[in-house]
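In what follows, a single structure is set out as structure tokens and then discussed.
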2 protein chains.
Amino acid sequence: MAPSIPTNAKAAGPDASRSTSASRLLTLVHHNRQLSRASLTRLTGLNRSTISVLISHLTAQQLVVESAPVGGSQVGRPSPQVSPHPGLVALAVNPEIDAVTIGLVGLGGRVIKKIRYSTGRIPTAAEAVNIAAAVIDGMRGELEANYRVVGAGIAVPGLVTSADGTVRYAPHLGWDSEPLADMFAGLTGYPAFVANDASLAAEAEMVFGAGTGIKNLVYLNGGASGIGGGIISEGRLLAGASGYAGELGHTFVRSDGLPCHCGSRGCLETEVRQAPLVELLKLATDDPSAIGPALCASTDPAVAAEVARQIGFLAIALRNVVNIFNPGAIVLDGFLAALHAAAPDALESAVRAQSMREPASQVLISPASLGTDLMMVGAAELAFAGFLADPVGYFGEQPAIS
Amino acid sequence: MAPSIPTNAKAAGPDASRSTSASRLLTLVHHNRQLSRASLTRLTGLNRSTISVLISHLTAQQLVVESAPVGGSQVGRPSPQVSPHPGLVALAVNPEIDAVTIGLVGLGGRVIKKIRYSTGRIPTAAEAVNIAAAVIDGMRGELEANYRVVGAGIAVPGLVTSADGTVRYAPHLGWDSEPLADMFAGLTGYPAFVANDASLAAEAEMVFGAGTGIKNLVYLNGGASGIGGGIISEGRLLAGASGYAGELGHTFVRSDGLPCHCGSRGCLETEVRQAPLVELLKLATDDPSAIGPALCASTDPAVAAEVARQIGFLAIALRNVVNIFNPGAIVLDGFLAALHAAAPDALESAVRAQSMREPASQVLISPASLGTDLMMVGAAELAFAGFLADPVGYFGEQPAIS
DNA sequence: TTGTTATGTTGTTTTGAGCAGCAAATAGCA
DNA sequence: TGCTATTTGCTGCTCAAAACAACATAACAA
């Protein structure tokens, strides 16, 4: 017992601070995809020599690669460019109500491969994991030959206990207390991490998408099965006491509203829904990306009325968001982005009219920008998180691939 | 230019990490008021010898004092107790609509002195600062003889830009763009920091009050002038893009509700108010602490109806809070605590019935526990924050008092 | 009294990271 | 084509935070 405490202390001590520098450096490279040594020096505030030492370590461990300096524009000695090692990847898994999508994402948010497996019906947790494992087994040869996999991130539409990777409750999938991370890790051998899909999307949008550089951001996604949200404050995702934070779909927007499946009444997601829009527009597909153009093209007054009605309720929810969080940006995705596109001024002026003046003047309302890659990038980000926190120790002392 | 970058880097480098340890140590002592060296070793994870060196530094700088080990309960060599130095204090200032309260608070959240100066009417910013400066001038002899003052924290009921210490907009005081920190610092010579009162109260409750140890906490205070809130996530106060976050008083709770002074309708603070309760109870005072007992004692059905009505709307706001934040605790203060005391089961069951099951099962709804010292402790905490972040460098190389 | 356990203390060692000086690579200018 | 200014990378040196190890000390328990 006595010797174990110093050992623990050591692990939390100089190791932690060493890895903090490597971690900061790698995170910067990850977020910017390509950076010169010189800009790393400026961004980290570390000394040139320190950067040099760190990068030589990271290069030796095949975590980054250096390429020839991009010549031209500046006086002085050109600085080599540092990029994430192209072989460093994470797996991304996203079960939905009619499909399971599996992706391979490189450090830097580069989606290398994306495979959508249609299930035709709602998959059980076991089915979703089996499908993902099968697809990954199919790629295994390629993975083991050309890549180093840091792990897998699974984005689930539901309440998730991230600490143990358990899906507590996913109403639209009908899942309840599924130890998804353990199931996946058991089948594939890769460490797995699970989180709420909207939370991951929020992070992806902050890092690579519409909210790049904005540290206080609220993301809202409208899909066929409801409205999910993710909140980012000071660059960190709001998790709450047990990781269930961000359920903006159940914000109160209407007295004596319709009952919601959550047991309450007047929730945002019972008033603002995709189905009536699809119906009025007579669209054949549920694909949210089709709704935007159709809405803009429509001249049907019934459609306009429904849009106005939904925008009214959405504005109430966003007003709460603005007053409570004072976000720098609100990013709308799915059919909420379509609603915004159909009448951007109507939505924005309604939100501003209801919110307090100061926070309202700061907020930018914009559609999501990562499109269909969003979930893959977000889920991969989850898998990368643990790696980025301690890049030097992550793979042990393995000499790596190739 | 060339030498200045390394200098900056140095300031952010080893100095920062050195002070990080001292900072962590002092923060722990501050939050726990009294800790043994042994427990500091365990809590920080640092080595015994490191703790020894750090504490001898802090003792030399008169930031902490060591006292004889408290004997008895445990096998082994007893460990000396470390406490904050009793001479280390912060000033706390809290302007309200009818008074300005000035306090002297020691490290560890100990309120040494509290002076409430009644103004009889709403003070202007200049008046509030003048009153505070006059009171502090009165204490100056004592302050300079016996204390070291880290600075002053000012808790203001309104929107505050903490970065420059400016009150952007305080509707109940009628203040608008007042550079309060500069005014105060100019008059008294002490560095001053300004923040929203409810936010500071939330922090005080987390550190020393009802939410001790709970890292995800929502604080709601009901006063004569409205409802303010503060949100703490992972132990950090939610600030938002410009520090205006936390305005939970303007959560939407009622369709076609009454117009609010914020320009919107159906806000929590237009439906849930102290005035009707005071009126129905025929109380002579506005003091929120009188409302609780009076409510519990009342048998008037009109009072009961009003309580039920307000609890209904409060439950809607809290339901949003639970769904969005998944807090570990909701702390109610002012007349909201009185409402809760009048019918705790009614409020809690209403919140739980409307919220999603998982986050609802985790949340504890409790009244605030710091009472009238709350604002003093919160404001002092603000002043201590800068000091705790870099305790060794804060006072320069001064040999300190006594 | 003696052994056990928990602590404090001192000197040594490891290691992250800044610093200085020199070399290298470019743009601009004559 | 050279010359200078500027920016950057590399190597060796140095500093300081903090772990480690060994020893001293103080309580409780048998």
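Only heavy atoms go into these numbers, but all of them, side chains included; no hydrogens, no water, no symmetry mates.
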- Message: Do A/H85 and A/Q61 pair up side chain to side chain, a donor and an acceptor below 3.5 Å, judged on atom types alone?
- Response: no

- Check for a donor-acceptor pair, side chain of B/E234 on one end and backbone N or O of A/L238 on the other, with a separation under 3.5 Å. no

- Query: Would you say B/S36 reaches C/dT7's phosphate, i.e. side-chain N/O to OP1/OP2 under 4.0 Å?
  - Reply: no

- Query: Would one find a side-chain N or O of A/S79 under 4.0 angstrom from OP1 or OP2 of D/dG9?
  - Reply: yes

- Message: Among D/dA18, C/dA25, D/dG9, which nucleotide has an atom closest to any side-chain atom of A/P78?
- Response: C/dA25

- Message: To the nearest 0.5 Å, what is the distance between NE2 on A/H30 and OG on A/S23?
- Response: 11.0 Å

- Side-chain heavy atoms of A/E142 within contact of A/K113, under 4.5 Å: yes

- OP1 or OP2 of D/dA19 less than 4.0 angstrom from a side-chain nitrogen or oxygen of B/S49, does that happen here? no

- Query: Over how many whole Å does the gap from A/R48 atom CZ to C/dG16 atom P extend?
  - Reply: 21 Å

- Message: Measuring to OP1 and OP2 of D/dA18, would you say a side-chain N or O of B/R24 lies under 4.0 angstrom away?
- Response: no

- Whole-Å gap separating P (D/dA16) and NE2 (B/H57): 11 Å

- Query: Does A/T41 make a side-chain N or O approach to OP1 or OP2 of D/dT8 shorter than 4.0 Å?
  - Reply: no

- Between A/S52 and D/dG9, does any side-chain N or O lie under 4.0 Å from OP1 or OP2? no

- Message: Taking B/D164's backbone N and O only, do any of them form a donor-acceptor pair with B/T161's side chain (distance below 3.5 Å, no angle check)?
- Response: no

- Check whether any side-chain nitrogen or oxygen of A/R37 sits under 4.0 Å from OP1 or OP2 of D/dC10, and answer yes or no. yes

- Interatomic distance, B/E66 CD vs C/dT7 C1' [rounded to whole Å]: 12 Å

- Message: At less than 4.0 Å, is any side-chain N or O atom of B/R42 found next to OP1 or OP2 of C/dT7? Yes or no.
- Response: yes

- Query: In whole Å, what is the span from the CG atom of A/L25 to the P atom of C/dG16?
  - Reply: 14 Å

- Query: Within this structure, what is the CG-to-C1' distance between A/L35 and D/dT8, rounded to whole angstrom?
  - Reply: 16 Å

- How long is the line joining CG of A/L58 and P of C/dG16, in whole Å? 12 Å

- Nearest whole angstrom, please: distance from the C1' of C/dG8 to the CG of B/L40. 14 Å

- Message: I need the CD1-P distance between B/I55 and C/dT7, as an integer number of Å.
- Response: 13 Å

- Message: Taking only side-chain N and O atoms of B/T50, does any of them lie within less than 4.0 angstrom of OP1 or OP2 on D/dA19?
- Response: yes

- Item | A/N47 side chain, from C-beta outward: closest of C/dC19, D/dT8, D/dC20 | C/dC19

